[in-house]
Amino acid sequence: MSEASTALPTRDQIQAEYKWQVEDIYANEELWQTDFTNIKKDLPKIVEYKETLSQSASRLAACLTLRDEISIVADKLLAYARLHRDENTANAKYQALVGKIEGLLAELGTATSFIEPEILAMPDTVLASFRLEQALADYNFYFDNLTRQKQHVLSPNEEEILSRSTETTQAAENIFNMLAHADMTFPDITDEDGKVITLSEGRYRSLIMSADRQVRKNAFTGLFGSYNSLRNSFAATLTGNVKKNIFYARTRKYASTIESALSDGNIPLSVYTNLLTTVNNNLEPLHRYIALKKKVLKLDTIHMYDLYTPLAQEVKFNITYPESLQLVRDGLAPLGPEYTTLLNKGLTSGWIDVYENKGKQTGAYSWGVYGVHPFVLLNYNDRLEDVSTLAHEMGHAIHSYYSQATQPYATSQYTIFTAEVASTTNEILLNDFLLKTTTDRQKKLYLINQYLEMVRATVYRQTMFAEFEKGIYYKSEEGETLTADLLDEIWHTLNAKYYGPEMVVDAEIDVEWARIPHFYMDFYVYQYVTGYAAATTLAEKMLHEGASAQQRYIEFLKSGGADYPITILKNAGVDMSTSQPVELTLAKFSTMLDELELLLSKS
Ligand SMILES: [Zn+2]
C-alpha cells in the first residue's frame, strides 16, 4: 500500500456525522470565555461564607448551592477544553484552555476547602435541625456520607500534619514506578521470526500469547528474571506502601487497614471476605480450564508460560461502524424499550467521536457533562473488540445521562464500584448475543476463548490479588516483616492453589507480586470482581425476568450517587453481601467450558 492510503486522516477529512458535537456545550469560544470570567468573579463570593455556616440553615444551603452552581459551569468549561484537546492533542490552543481551567479548578478547590471541616465541626444537634429545612433536602445523602466518618476525622492541627505528610509517604510508590518503568532493563530474546529483540513490558504481553512455546518461555524467563534481580528493592517499596496505609488507618483510628480502605465507599468487610471464600469454594472450574488447555495445546505438562496461549486461532471479524451500531442495538435489546430508545438517541445525536485521526487521543472513554449530554471517544477500527468498546462506553454514557438527568448535582456522580457495572453489563449482553447468533465454528471458538480468558483474568486472577493483599496487610499489622522470601512464598502458594494440580508453578512466577502496580492502590482490585459479578447477575436478570428487571435496572442507572453502592445494587436486585453473584458468574464459566469441550469434540 502507498504511504498516502495508510496515513491517518486529518480531523477535517472525517465526515461530520462521525464526530461528536462539542458545540452542544458551548456554541463558540466567546461563550466559554464569558463563563470563565463569570466564575472567576464568583469565587470570592464563596469565601464570604467562611466561619458562618453554622449561623443558619439558609446560609449553609446558599453556600452549598453556590458551590454546585460554580462546579456545574466549571465542569462544562473543563469538558469543552479537554474534548477539543483530545480531538488533536497537539493543538496548542486547547492545551492553553485546559491549563486555564485546571488552574481555576485548583482555585475552586482552595476556595471551598473550608466547607467540609466546618460542617463536621458543627454540633450534631445543630446540623440535625438544619437538615429538616427544605432548602437542604438535596444534600441529605451528602450529609449522611460526610458525617458517618466523623469519628475518623482528627483535630485541625493533626489533619494539617497528615496532609503535609503525603508528599513523603508517597515515596514508596514513586520509587516502585521508577524501578519498574525507568530503571529496569530486560534481556534480548528471539521472537517468532527468529529476530533478536529486547524484551519490554509492552512486548511481553503479545509474546506470552505466542503459539511458539519456546518464544513464550523465553519471554517469561526473561521478564521475571529482571524482576527477580531487584526483588529486595521491590519488597522494600511494597513494604513502604503497606506501612504507609497502616500508618494512616491507625492514625485515623480504624480497626484495620482494610476497613479504612473499604470505608470510603461504605463497603462492609463481609463483601470482601465473602468474595474470597466464594471464589476459593469454586476453584474447580479454573482447574478444569487449565486441564483442558493442556489437552487442547497437546502439552505433556502445562506451565505458567502456557497460561495466556489462546485455545482458538485469532479470527478477523471486520465489522464496519454502521454494522457495529446494529450489533450493539440487537445485543442490548434485553435492556428493554426505554433503554433502547435512549441508546438510539445517543448513537445518533453527536455524542460519539468514532474514528481515529491524526493527533487524536488514543483509547476510549465516556464523559458525562451535567446539563448537556455525555460524550464518547472511540478509535473505531472494525475489530470485534471495538464493538465491545462501543457497548461498554455507551453503558457509561447512558448511566451518566440517567444520573445527571434525574439527580441534583450533589448526588449525580456515581462511584467506581457501580460505574463498571453499567458498562460491563452491556459487554456481557453483547457477548451473549454474539455467541447465540454465531454459527461459524472458528468464530464461536474464538468468542468462547475470549469469554473464558476474561473471567480468568477478571474474576480468578483479581481475587487472587485481593487475597494476597489481605494476607500481607494482616501479616504486617501483626508485626511480621514482608521480606522478598516471604512475599515469594505467599505468591507461589496462591498460584498453586488457584491454578490447581495440573499446573507446574514455575519458580520464576514467585516474584510476580513485584510487577503489579495495583498493589499501590490499596484494596482496589476486588472491585473488578464485584463489578463483573454484579454485571453478570444483572445481564442474567435482563435475559430471564423481562420488564420488571428492566425497570429496576433503569432505576439503578437513575440513582447515580444518591446512596451507598451496595444499597444501590441491592435495589437493582444484586446483593453483593451474599455469595450468589460470584457463584452465578463461576457457574456460567463452568457452562461455557462445557460448551467449549463439546465444540472441540465435534471437530
Ligand atoms: Zn469502563
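Counting convention: from 1, in listed order, for ligands and their atoms alike. Please read all numbers here as calculations on a predicted model, not as lab measurements.
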Practice task
Could you go through the salt bridge (Lys or Arg N to Asp or Glu O under 4.0 Å) check for K436 and E595 one step at a time?
Solution key: CA-CA 12 Å; K436 268 181 216 144; E595 228 179 283; over 6 Å; no
For the pair [X] and [Y], name the ring-plane relationship: parallel under 30°, tilted 30 to 60°, perpendicular over 60°.
| X | Y | answer |
| --- | --- | --- |
| H373 | W351 | parallel |
| F523 | Y272 | perpendicular |
| F417 | Y526 | tilted |

Problem - Option among I516, V525, L494 that satisfies the side chain to side chain contact (heavy atoms under 4.5 Å, CB included) test with F468 - result: L494
Problem - Pair E453-Y289, side-chain donor/acceptor within less than 3.5 Å - result: yes
Handout entry: the Zn ion (ligand 1): protein N, O or S atoms [distance under 2.8 Å]
Key = H392 NE2, H396 NE2, E420 OE1, E420 OE2
